[in-house]
Amino acid sequence: MKIDIFKTKEELNRSFTEKIKEIIAGKESVTIALSGGSTPKSLFDYWTQLPEGEIDWNKIKFFWGDERCVPPTDNESNYKMTKEHLFNFISVPRKNIFPIQGENDPGPEAERYGKLLNQELEATNGIPSFDILMLGMGDDGHTASIFPHELKLWHSLENCVMATHPISGQKRVSLSGRVINAAKNVFFLVTGENKAEKVKEIIEEAEQAKKKYPAALVQPYSGNLYWFLDETAAKLLNH
Ligand code: 6PG
């Protein structure tokens, strides 16, 4: 686990982008699972300001770690957010974008996407393996759309699961723990004071945290787990 703490989102975005460029360099094609919610917005906005060619978008196949079960036109949609903050400004071949189809029935869509991952990704020990997997973390310790009240979904033998938001009841489709931990490089991008308590618990009291928080169960077999934090999210860490 590598932890980097940044004064500003801009510095975090810059450093994360350098890491992504390192991974992309020398590869013909790269698969990335994008996280949703609000944190990635500033990263995507940053990416759209980069000089032409700084990231070779044509090399990248875009997937998602989770999606809300709403139409792609709904303001809750992670796909819509990504389109508005990224895809509307960069040229990515349509064939390289693999949305979770939030408009579909959640159960069958989880199955469809799980099969798609088997078709599109290299496998590690028979499990589809992303080159880059971005994760956010909720202030309740959820990640992707695996929430504490449905911790058992993390251990599903399926690639994707149907989940439920604990407060709104909104249905979600999410990668399961097996796919998250099969990724070659996993990046938590976590900012904001409201995340500080869980960041401390998950990083400094991991054994206890694993019993409660899905985010604590992110332990990629590759060993390549990176925490990109801003100072507010990291403020309770001891060192
Ligand atoms: C989603 C995300 C979710 C998100 C966390 C953090 O669909 O909402 O994938 O896991 O990363 O909830 O969200 P914020 O970045 O908005 O704090």
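Every number for a ligand or one of its atoms is a count from 1 in the order of the listing.
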> Where is the tightest heavy-atom contact between Phe147 and Pro166, given as atom of each residue plus distance?
Replying inline: CD2-CD, 3.4 Å
> Could an N or O of ligand 1 be found under 3.5 Å from any N or O of Ser38, whether backbone or side chain?
Replying inline: yes
> So which bit of Asn78 gets within less than 4.0 Å of ligand 1, heavy atoms only: side chain, backbone, both or neither?
Replying inline: side chain
>> To check your reading of the model: name the closest protein heavy atom to atom 17 (O) of ligand 1, its residue, and the distance in Å.
In response: Lys195 NZ, 2.7 Å
> Where is the nearest protein heavy atom to atom 9 (O) of ligand 1: which residue, which atom, and how far?
Replying inline: Asp66 OD1, 2.6 Å
>> Between ligand 1 and Arg68, can you find any atom pair, the residue atom being a heavy atom, that is separated by under 4.0 Å?
In response: yes
>> Suppose we screen for side chain to side chain contact (heavy atoms under 4.5 Å, CB included). Which residues come up paired with Lys9, at least two apart in sequence or across chains?
In response: Asn13, Ser42, Thr191
>> Taking the basic N atoms (NZ, or NE/NH1/NH2) and the acidic carboxylate oxygens, is any pair closer than 4.0 Å for Arg14 and Glu11?
In response: no
> Who's the nearest protein heavy-atom neighbour of atom 6 (C) of ligand 1, and how far?
Replying inline: Met137 O, 3.6 Å
> Which ligand 1 atoms does His142 reach within 4.0 Å, using its non-hydrogen atoms?
Replying inline: 3 (C), 5 (C), 10 (O), 12 (O)
> Can you hop from Tyr46 to Ile20 via hydrophobic side chains spaced under 4.5 Å?
Replying inline: yes
> For ligand 1, is Ala144 a contact, meaning one of its heavy atoms is under 4.0 Å away?
Replying inline: yes
>> When you compare the side chains of Thr17 and Trp47, does any donor N or O come within less than 3.5 Å of an acceptor on the partner?
In response: yes
>> Between Lys184 and Asn224, do the side chains contain a donor N or O and an acceptor N or O under 3.5 Å apart?
In response: no
> How far is atom 15 (O) of ligand 1 from its nearest protein heavy atom, and which residue and atom name does that atom have?
Replying inline: Thr39 OG1, 2.5 Å
>> Evaluate Glu22 against Lys19 for salt bridge (Lys or Arg N to Asp or Glu O under 4.0 Å), listing each step before the verdict.
In response: CA-CA 5 Å; Glu22 265 176 47; Lys19 191 71 193 155; 3.3 Å; yes
> Can you tell me the protein heavy atom closest to atom 11 (O) of ligand 1 and the distance?
Replying inline: Gly136 CA, 3.2 Å
> Where do Lys200 and Leu236 come nearest, in terms of heavy atoms and distance?
Replying inline: NZ-O, 3.1 Å
> What residue and heavy atom of the protein are closest to atom 4 (C) of ligand 1, and at what distance?
Replying inline: Gly36 O, 4.0 Å
